[in-house]
Amino acid sequence: MLRGLPDTTDRRTELVEAAVRVFARKGFHGSRVGDIAEEAGVAHGLLYHYFRSKDEVLETIFRDAWQRLATETDRIEASDVALREQLRRFARIYLGSWLMTPDLIAVLVREIARSRAVGSRIDEVRGVFVSLTRMIEAARDRGEVRADCNAVFAAWTVYGALEEILTGWVLGQLPAEEEDVERAVATVVDVAHAGLAA
């Protein structure tokens, strides 16, 4: 039975999702455009209707994922809760992504976070760090955080701890079941909050 063609957004999403699976399985450099098309069940040339190259597909994966994180981080910053709860929410979203989209996390860690091109993406990622910094500064102003706390270094410390845990899961060096994710969230929040607390 023939189905109607999906709209442009759906087809593009299908291609990106197929690329995530292929890149997670074969690695970016070991993958071909044809592998993505085959995974998506489309003709090889159709991918070029949506993307100029395999590199553009990888950039799209990064941008889409980072935009979702930035939106959630802004929402957390706007919430009227204490810093400890803001950190818990951020850590839960960041680390919880492992349970929902392990292939995507594998691609982001292996292919993007460690790539030479990460420096060119710094403007795109800056917003998340700025939001985390403002959360810590606001908590410092409320007296929740030590007056001598450097909010910028604290924000990068929190983010760095979370990223290294994801890396440990991707590399198979840390236990990564649901209870481990919850344990990791609690540990990062406990350590960060204890170090920041006034």
Side-chain angles (χ1 to χ4, degrees), residues 6-42 46-47 50-76 87-129 131-132 158-185 188:
D7 69 28
T8 302
T9 304
D10 288 345
R11 180 60 79 193
R12 181 183 177 281
T13 300
E14 288 174 7
L15 289 166
V16 169
E17 290 172 352
V20 166
R21 292 190 299 272
V22 170
F23 294 162
R25 194 168 56 241
K26 294 185 163 192
F28 175 74
H29 295 292
S31 303
R32 299 173 297 116
V33 168
D35 297 327
I36 299 169
E38 183 178 332
E39 180 78 19
V42 301
L46 183 64
L47 190 131
Y50 298 92
F51 303 100
R52 290 187 303 268
S53 65
K54 185 176 74 165
D55 292 276
E56 187 179 348
V57 177
L58 186 63
E59 284 296 321
T60 300
I61 291 168
F62 163 75
R63 256 189 237 99
D64 289 354
W66 199 266
Q67 185 55 56
R68 286 191 300 273
L69 179 62
T71 298
E72 290 301 319
T73 306
D74 289 345
R75 187 173 294 133
I76 293 166
L87 293 175
R88 189 198 67 74
R89 290 178 185 181
F90 182 78
R92 185 64 184 90
I93 288 166
Y94 197 86
L95 296 181
S97 61
W98 171 254
L99 296 173
M100 297 184 306
T101 56
D103 285 347
L104 174 61
I105 298 307
V107 171
L108 293 173
V109 168
R110 287 186 184 138
E111 308 297 343
I112 295 174
R114 305 288 188 246
S115 79
R116 288 182 300 231
V118 74
S120 66
R121 299 182 181 102
I122 200 65
D123 286 339
E124 294 175 68
V125 304
R126 183 175 283 121
V128 169
F129 293 103
S131 288
L132 282 172
V158 169
Y159 181 85
L162 297 171
E163 183 178 0
E164 287 307 311
I165 290 170
L166 279 185
T167 300
W169 289 334
V170 168
L171 300 179
Q173 297 302 303
L174 290 172
E177 300 301 320
E178 187 168 355
E179 62 271 16
D180 301 308
V181 172
E182 294 305 325
R183 196 172 300 123
V185 168
V188 171

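Just so it is clear, the model here is predicted, and its values are computed rather than measured.
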Does some side-chain heavy atom of [Y] sit less than 4.5 Å from a side-chain heavy atom of [X]?
{"X": "Arg63", "Y": "Glu59", "value": "yes"}
{"X": "Val185", "Y": "Leu162", "value": "no"}
{"X": "Ile61", "Y": "Phe23", "value": "yes"}
{"X": "Val128", "Y": "Trp66", "value": "yes"}
{"X": "Trp169", "Y": "Leu95", "value": "yes"}
{"X": "Arg89", "Y": "Glu72", "value": "no"}

Distance (rounded to the nearest 0.5 Å) between [X] [atom1] and [Y] [atom2]:
{"X": "Leu87", "Y": "Leu132", "atom1": "CG", "atom2": "CG", "answer": "7.5 Å"}
{"X": "Leu47", "Y": "Arg52", "atom1": "CG", "atom2": "CZ", "answer": "12.5 Å"}
{"X": "Leu174", "Y": "Thr167", "atom1": "CG", "atom2": "OG1", "answer": "9.5 Å"}
{"X": "Arg75", "Y": "Phe90", "atom1": "CZ", "atom2": "CZ", "answer": "13.5 Å"}

*So, Glu56 side chain and Phe51 main chain: donor-acceptor pair closer than 3.5 Å or not?*
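No, Glu56 side chain to Phe51 backbone: no donor-acceptor pair under 3.5 Å.
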*asked:* Under the criterion side chain to side chain donor-acceptor pair (under 3.5 Å), I'd like the reasoning laid out for Gln67 against Thr71: C-alpha separation, chi angles, the key distance, then a yes or no.
replied: CA-CA 6 Å; Gln67 185 55 56; Thr71 298; 3.2 Å; yes
*Answer yes when Glu179 and Arg183 have at least one side-chain N-carboxylate O distance shorter than 4.0 Å, and no when they do not.*
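Not counted as a salt bridge, because no side-chain N and carboxylate O are separated by less than 4.0 Å.
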*Ion pair check, Glu39 and Arg25, cut-off under 4.0 Å*: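 Counted as a salt bridge, because a side-chain N and a carboxylate O are separated by less than 4.0 Å.
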*I would like to know whether Val57 and Leu15 meet side chain to side chain contact (heavy atoms under 4.5 Å, CB included); could you show each step before the answer?*
CA-CA 9 Å; Val57 177; Leu15 289 166; over 6 Å; no
*Go through the structure and list residues passing salt bridge (charged side-chain N to carboxylate O under 4.0 Å, His left out) with Asp64, not counting sequence neighbours.*
Arg12
*Please walk me through it: do Glu163 and Val109 pass side chain to side chain contact (heavy atoms under 4.5 Å, CB included)?*
CA-CA 8 Å; Glu163 183 178 0; Val109 168; 5.6 Å; no
For residues 96-107, tabulate all N or O donor-acceptor pairs below 3.5 Å that involve a side-chain atom, not counting sequence neighbours.
residue	atom	partner	partner atom	Å
Ser97	OG	Tyr94	O	2.5
Trp98	NE1	Ala176	O	3.4
Thr101	OG1	Ser97	O	3.0

Under 3.5 Å donor-acceptor pairs involving side-chain atoms of residues 31-38, not counting sequence neighbours:
residue	atom	partner	partner atom	Å
Ser31	OG	Gly27	O	2.6
Arg32	NH2	Asp35	OD1	2.9
Asp35	OD1	Lys26	NZ	3.4
Asp35	OD2	Lys26	NZ	3.3
Asp35	OD2	Arg32	N	2.8

*Worked check of side chain to side chain contact (heavy atoms under 4.5 Å, CB included) between Arg11 and Val42*: CA-CA 10 Å; Arg11 180 60 79 193; Val42 301; 3.2 Å; yes
